Amino acid sequence: MECISCKGREGSFSFKTIEVRTILNPGRNSLFKKNRIPATRTQKLGDLRELSVCDDCIEKRYHEILHPWKEFLNTCKVGVILFVIGLALIVFYIGRQNILAIGGAALIALALYRFLKYWGFALRRKDEYMKFSEDNRRFALAWEIVSQSAPKRDGVESIYFVPITKATENMKREDFMKYYGLTKENADQFHKMLHGKFKAASQRLGQDSLDDREPNTELTEND
Ligand SMILES: [Zn+2]
């Protein structure tokens, strides 16, 4: 199976996953209360899918995490622009129109705040990945790549994927709601699948043993 990220090489790390499909019905807004229809979300479980990542993409991602300069510039584009404008304001207007120079200093302060926030996140993430065992690190990196590269839309439906591992198998229904955002009905259905029909479904995927590692899906920049 080809790598989901580079689409060129053969994937060496595979995940069994299930699709979660969501349709957002935008409803209708109106001046008159009786004509309003509130927006609703409908969520359903989709197909079982196998998603693979190749070693090169895993290595590349790990390198990016250890040396996050490129990601820094991409993530903090707005901050970099503010910083440059702020610097220009100070250089041109200091001693002439001090109010503009002060505005420039404020922009620089905003930009620096953004940079520090990103950099703190990048360092925490780097630490975390370095502390992982080799296996866990590969797993977390592969899952990160899968989550980012897998299709996110199909027509009007938005899609995300829940990994099926031994850890998932041991989870309770509430955990599916809490960690994977499933509705109560879908959490029930998923739980039944894993403990009943799932065996057959899993064989269809050509998989005889399940993964017992747990993906690191918790780490976000907002931590
Ligand atoms: Zn690849």
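Just so it is clear, the model here is predicted, and its values are computed rather than measured. Start at 1 and go down the list; that is how both ligands and their atoms are numbered.
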Not counting sequence neighbours, which residues clear salt bridge (Lys or Arg N to Asp or Glu O under 4.0 Å) with Arg173? List them please.
->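 Per chain and number, Arg173 pairs via salt bridge (Lys or Arg N to Asp or Glu O under 4.0 Å) with Asp188.
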Please determine if Glu134 and Arg137 form a salt bridge, counting it only when a charged side-chain N lies under 4.0 Å from a carboxylate O.
-> yes
Salt bridge Glu64-Arg61, side-chain N to carboxylate O under 4.0 Å | yes
Would you call the rings of His195 and His191 parallel, tilted or perpendicular, where under 30° means parallel and over 60° means perpendicular?
->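 Ring orientation, 0 to 90° scale: tilted.
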Expected list for residues 95-107: side-chain donor-acceptor pairs under 3.5 angstrom, two or more places apart:
from  : atom 1 : to    : atom 2 : distance (Å)
Arg96 : NE     : Phe92 : O      : 3.1
Arg96 : NH2    : Phe92 : O      : 2.4
Asn98 : OD1    : Gly95 : N      : 2.9

Contacts table for residues 21-28: side-chain donor-acceptor under 3.5 angstrom, sequence neighbours left out:
from  : atom 1 : to     : atom 2 : distance (Å)
Arg21 : NE     : Glu19  : OE1    : 3.0
Arg21 : NH1    : Asp154 : OD2    : 3.0
Arg21 : NH1    : Glu157 : OE1    : 2.5
Arg21 : NH2    : Glu19  : OE1    : 3.4
Arg21 : NH2    : Asp154 : OD2    : 3.2
Asn25 : OD1    : Gly27  : N      : 3.1
Arg28 : NE     : Asn35  : O      : 3.3
Arg28 : NH2    : Asn35  : O      : 3.2

Listing protein N, O or S under 2.8 Å around the Zn ion (ligand 1) gives Cys3 SG, Cys6 SG, Cys54 SG, Cys57 SG
